[in-house]
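A, B, ... follow the sequence lines: proteins, then strands. Residue 1 opens every chain.
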Protein chains: 2
Amino acid sequence: MNFTAPPGQPRGIAVGLKLLTSLPCDRCVGRSLNLCRPLDDARLRRLLALGGIRHWKRHETLFRAGDPMTSFFKIRKGIAAVSRALDDGRRQIVAVRAPGDCVGYLDNDGRYAFEGEALTDVEACAFDRRGFDAFAADHPDLAAAVSEALSSALKQTGQAMLVLGQLKSTERVAHFLCEIDALYRDRHIGGTPLVLHMSRGEIGDYLGLTIETVSRSMGKLKKRGLIGLIGSDGVVVLEGAKLREVGKVGAAPASVAAAF
Amino acid sequence: MNFTAPPGQPRGIAVGLKLLTSLPCDRCVGRSLNLCRPLDDARLRRLLALGGIRHWKRHETLFRAGDPMTSFFKIRKGIAAVSRALDDGRRQIVAVRAPGDCVGYLDNDGRYAFEGEALTDVEACAFDRRGFDAFAADHPDLAAAVSEALSSALKQTGQAMLVLGQLKSTERVAHFLCEIDALYRDRHIGGTPLVLHMSRGEIGDYLGLTIETVSRSMGKLKKRGLIGLIGSDGVVVLEGAKLREVGKVGAAPASVAAAF
DNA sequence: GAGGCCTGTTGACCAATATCAATGCCGTAC
DNA sequence: GTACGGCATTGATATTGGTCAACAGGCCTC
């Protein structure tokens, strides 16, 4: 942090007549990530005009699969899960998204293809999808940023398929912890101890395991001395290298903001 | 097939002086899919100049994860698998690709992020990645086609995560059969009986199951009268509706050519 | 046509994980 | 402070799918 201006003062007023108000982006972690990265203030302002900032409480639904898509969301604060459910109640969380990531972008014929749920209180920019598409069509650098976010998400889901299809329960949990640790570290949220913000059930829905198996796997990792548990939501990574080894985590996966 | 011109005659010569040779695209199933769809003949010609048509035999490697990425590929004929492996031999096939699809598109820092392998003999256009990116940067409709292919792939992998994380072995196999059936039908390859072109081991690597479990699940579906088996590679879908029910396949998934 | 190899099928057994159930912990409401 | 509800943990048991092994069928070579 090396601001010279005092915090809280509306920035921009002093800069010039054109900027009458400060942008909410000035304080957004995602300003330099994903869609927003290539944009200058003027274009950010035009993008913001396509929607507004919205808020959800933990466990609230951001969007529902099959509902008509109006806007998609770029997370400013908090964590969200993108998921898909079967009629019989089984559900699979397909991605955990953090500030800077987009959710609710994928559509099926004008309808959301997945569910979005707040894992913590969430604040996000909502962008009208049609307006955004039109805007992106005129701005190749923005369109390129979308492609990059999609590519990044695709690499992540490919990796996730490896986890679901090939890893044993304890390997999956170890992988999950490394993944969340890397994600939070990348987005500069949290620290030590790592706070998961996910119940055992939510972790299970992400890893294709039951609550009990997640709990037991955590216990095994703890007994092996790789992690420490603080309450049920806090994790201290004691042996990062070994944990990554168990979780079959390759070299630094260059976490990049993604869209889903 | 309602061509009026006799097949085999070089098309294009009669059309005008500008077209000195016919395009290989004239006979490519993927001409109207994916990247190529928005392009007219002149631009197709420029795209083709970025590479050439290449061939692989069944089981040959198209590209290897970690190898420097030179070009990516758009399949003209045959089926290919995109996969990812662990050091200990376990591997996960993350996508099965057919004519019109792209493979080898995802990179990590200039290197292929996944493996590509021919499941049958494969013919594909190879496009130099850098050249393509530059070309796409000047052609918004092409860039949009890339985004669409990536979005489509992302929806597919989300669905695949649901399959791997939540479905039982027989459900997975039923899902797989429906998926392949829809894919081949969409690309106008094969017919009845459905020819899988994948060994039990390859299916297992896709579904996160062992050879034996795939075999037993096929047996169960056969005994239930949902499918018939012709040899080990041929499948007759006898009860499509029931098979889709077992495989938890939602309504027509609007199969769209995708990139990986 | 015989032999060998590769793949698939089938059976027996075992290990991993799901399921069911009991208990404990923690936060909240009254 | 006490009671309650939700979630996590732990144990006992059931089920699924993996592992190991035997065998069968198809295809190729010689």
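Rounded to an integer number of Å, the gap from CZ of R172(B) to C1' of dG18(D) is 12 Å. Q166(A) has its CD atom 15 Å from the P atom of dG17(D), to the nearest Å. Between the CG atom of L119(A) and the P atom of dC7(D) there is a distance of 14 Å, rounded to whole Å. Here dT9(D) presents its C1' atom at 15 Å from CG of L221(A), a figure rounded to the nearest Å. The distance between atom CZ of R58(B) and atom P of dT7(C), rounded to the nearest whole Å, is 9 Å. Between the CG atom of L209(A) and the P atom of dT9(D) there is a distance of 14 Å, rounded to whole Å. Atom-to-atom, CG of D233(B) to P of dG26(D) comes out at 14 Å; the value is rounded to the nearest Å. K222(A) places its NZ atom 11 Å from the C1' atom of dT9(D), with the value rounded to the nearest Å.
With sequence neighbours excluded, the residues satisfying side chain to side chain contact (heavy atoms under 4.5 Å, CB included) with L33(A) are R187(A), A257(A).
Side chains of Y206(B) and E179(B): a donor-acceptor N/O pair is present below 3.5 angstrom, by distance only. Side-chain atoms of R84(A) and Q159(B) form a donor-acceptor pair, as typed in the model, at a separation below 3.5 Å. Looking only at atom types and distance, the side chain of K155(B) has a donor-acceptor partner in the side chain of N108(A) under 3.5 Å away.
Between Y112(A) and F73(A), the two ring planes are parallel [angle under 30°; tilted spans 30° to 60°].
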I'd like a list of close polar pairs between nucleotides 8-12 of chain C and the protein, N/O only, cut-off under 3.5 Å.
| from | atom 1 | to | atom 2 | distance (Å) |
| --- | --- | --- | --- | --- |
| dG8(C) | OP1 | R200(B) | N | 3.1 |
| dT9(C) | OP1 | R200(B) | NH2 | 3.2 |
| dT9(C) | OP2 | R200(B) | NE | 2.8 |
| dT9(C) | OP2 | S215(B) | OG | 2.7 |
| dT9(C) | O5' | S215(B) | OG | 3.1 |
| dG11(C) | N7 | R216(B) | NH1 | 3.0 |
| dG11(C) | O6 | R216(B) | NH2 | 3.3 |

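Between W56(A) and A124(A), the shortest heavy-atom distance links the atoms CZ3-CB, 3.8 Å.
A close approach under 4.0 Å does not occur between any side-chain nitrogen or oxygen of T213(A) and OP1 or OP2 of dT17(C). Within the 4.0 Å cut-off from OP1 or OP2 of dA18(C), at least one side-chain nitrogen or oxygen of T210(A) is found.
Counting any heavy atom pair closer than 4.0 Å across all strands shown, G204(A) reaches no nucleic acid atom.
Crowding of R31(B) atom CZ: a count of heavy atoms from other residues, nucleotides or ligands under 6.0 Å exceeding 12.
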